[in-house]
Amino acid sequence: MAERKRNKKRIQEVSEPTKEKAVAKYLRFNCPTKSTNMLGHRVDYFIASKAVECLLDSKWAKAKKGEEALFSTRESVVDYCNRLLKKQFFHRALKVMKKKPEKDASEAAEAKKEKSVRARFLELSFQDESPGTPKKKKEVKKKFKLEPHEDQLFVDGNEVYVWIYDPVHLKTFAMGLILVIAVIAATLFPLWPAEMRVGVYYLSVAAGCFVAGILLLAVARCILFLIIWLVTGGRHHFWLLPNLTADVGFIDSFRPLYTHDYKGPRASGRKGSDKDGGGASAKAQRSDSDKSDRRGNGPPLGQRQRGRREDEASQHSNGNDFEMITREELEQHPKQPRRSETRQNNLTCEA
C-alpha cells in the first residue's frame, strides 16, 4: 500500500509540470496578445481578464468522467495563473503613460492660437451640415511603456502581464522541417532518377517562360497605352490588365481584363443645350408678356419693363456682383428717382 501511494505521488509530480506546460501553451497561442517595447526589448503582453475568459472556455473547464474540472470559477483560474506566474511563465508589468515634454510659455501661447484658428476653420467649413447630426470625435490613442511591477501577483482585471514562455508553434516547426528536407533534396539532385531530373528540368523551363511572359506582357501593355494616348491626344486611357503589377492576389491580378476612361471635353454640348433651352424659355416669357400687353391686362408698360430688367439682373447676378467705384464717379452719376416718385408719375400719366 505504501509503495502504491508513493507511485501515485510520483505520477502526479511528473504529470503536473506537463499539464502546466499544456495550459501555458494553450494560453500563449489562444489568448489575444499585443506587442510593445519594454526596457529596449520587443515583448508580447496580455490582459488578465482576457486570459481568465480564455481558460474558462478551454477543455480544462469541462468535467470529464471520473475527474473534476480544473477551472470551475474565475477564482480557480486566478489561483492556477498565480502558480504559472511563480514558475516564471510570465511576469506582471506596469503601464506608464508617456508624458509630453514641457514647452515654454511662448510656444504654449502659439500652440493655443493655432488650435483656436483650426477650430474656427473647422466650424466655418462645417456650417452647411445639418445641426442635428452629431460630430464624431477622433479617438486618440495614448502612448505608454511597460515597466516591471514590484508585486508579482496575478490579479483579475485590466492588469498587464508579459510573456516569458515562448514555445515553438507547430506550424513554424512544420515549415522549418519542410525547408530542411527541400534543401537536402536539392543537394542530392545528381542522385535522382533520370525521369525525375527530366521532369524537374521541364518544370523549371515552364516556370521561366511564365515569368518572362509576365514581364513581356507588362511592357506590352505600357506600349499599347502610350500608342492609344498619343493617337487620341490624351483623351482615351486604355489599360490592358490594369491590376497586373498591383499589390493583389494572383487571380485578382488578371481581372478585370481591361479598363477604359475617356477624359475629353464633355461639358461643351451640355452647356450649349442649356443655353438654347434658356433662350427659348426667355423668348416664350416675352411672347406671353407681349400678348398680355396687347389685351390690356396687367400693370403699365414702364413698370413691366423695369420688372423685366430687375428679373434679368437677378438671373445673371450670383450675389457677388459688386463693382468698386471712386467718389468722383459717384458724384458725377445722377441720382435715380425713388420708387414712390415713379409710382406717382405713372398714376398721373394714367389719369
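Only this structure's heavy atoms are used, side chains among them; waters, hydrogens and symmetry mates stay out.
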Problem set entry | Pair L70-K19, side-chain contact (heavy atoms from CB on, under 4.5 Å): steps then yes or no | CA-CA 11 Å; L70 186 61; K19 187 180 286 188; 4.1 Å; yes
First locate atom [atom1] of [X], then atom [atom2] of [Y], and finally report the distance between them rounded to the nearest 0.5 Å.
X: C31; Y: F90; atom1: SG; atom2: CZ; value: 9.5 Å
X: R197; Y: E195; atom1: CZ; atom2: CD; value: 11.0 Å
X: K25; Y: F89; atom1: NZ; atom2: CZ; value: 12.0 Å
X: H260; Y: W239; atom1: NE2; atom2: CH2; value: 13.5 Å
X: L224; Y: L217; atom1: CG; atom2: CG; value: 10.5 Å
X: M175; Y: L170; atom1: CE; atom2: CG; value: 12.0 Å

More than 12 heavy atoms of other residues, nucleotides or ligands under 6.0 Å from [atom1] of [X]: is that the case?
X: F189; atom1: CZ; answer: yes
X: R235; atom1: CZ; answer: no
X: I251; atom1: CD1; answer: no
X: N158; atom1: CG; answer: no
X: H41; atom1: NE2; answer: no
X: F254; atom1: CZ; answer: yes

With a 4.5 Å cut-off on side-chain heavy atoms, are [Y] and [X] touching?
X: F46; Y: P32; value: no
X: L55; Y: C81; value: yes
X: V219; Y: L215; value: no
X: N243; Y: D252; value: no
X: V231; Y: I227; value: yes
X: D151; Y: R92; value: yes
X: L146; Y: L94; value: no
X: E159; Y: F154; value: no

For this session: Decide if the gap between the ring center of W163 and the ring center of Y45 is smaller than 6.0 angstrom.
Result: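 No, the ring centres sit 6.0 Å or more apart.
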Just by modelled atom types, is the [Y] backbone N or O under 3.5 Å from a matching donor or acceptor in the [X] side chain?
X: S76; Y: T73; value: yes
X: T172; Y: V168; value: no
X: W192; Y: A185; value: yes

Minimum heavy-atom distance between [X] and [Y], given as atom pair plus value:
X: P256; Y: P242; answer: O-CD, 3.4 Å
X: A51; Y: L27; answer: O-CD1, 3.8 Å
X: A48; Y: V155; answer: CB-O, 3.1 Å

Verify the cluster assignment for [X] and [Y]: are they in a single hydrophobic cluster under the rule of side-chain heavy atoms below 4.5 Å apart?
X: L257; Y: F238; value: yes
X: L244; Y: L240; value: yes
X: I214; Y: V248; value: no
X: Y161; Y: L56; value: yes
X: Y165; Y: L84; value: yes

Exercise. With respect to H236, which candidate in Y262, F225, W229, Y258 satisfies the ring-ring contact (aromatic ring centres under 6.0 Å, His included) definition?
Worked result: Y262
For this session: Kindly determine whether E53 and R74 satisfy side-chain contact (heavy atoms from CB on, under 4.5 Å), including the steps that lead there.
Result: CA-CA 8 Å; E53 292 172 0; R74 297 184 74 91; 3.9 Å; yes
Seminar exercise, completed: Quick note, salt bridge (charged side-chain N to carboxylate O under 4.0 Å, His left out) partners involving residues 32-51, not counting sequence neighbours, are R28-D44
For this session: Apply the test side-chain contact (heavy atoms from CB on, under 4.5 Å) to residues Y80 and E20: give CA-CA distance (whole Å), side-chain angles for both, the deciding distance (0.1 Å), then the verdict.
Result: CA-CA 9 Å; Y80 199 89; E20 289 173 357; 3.3 Å; yes
For this session: List the steps and the verdict of side-chain contact (heavy atoms from CB on, under 4.5 Å) for L191 and L188.
Result: CA-CA 6 Å; L191 301 178; L188 297 176; 4.0 Å; yes
For this session: Please state whether the rings of F210 and F250 are parallel, tilted or perpendicular, taking 30° and 60° as the class boundaries.
Result: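 Correct class here is tilted.
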Exercise. Please walk me through it: do F29 and H169 pass ring pair (Phe, Tyr, Trp, His ring centres under 6.0 Å)?
Worked result: CA-CA 8 Å; F29 293 122; H169 199 274; 4.5 Å; yes
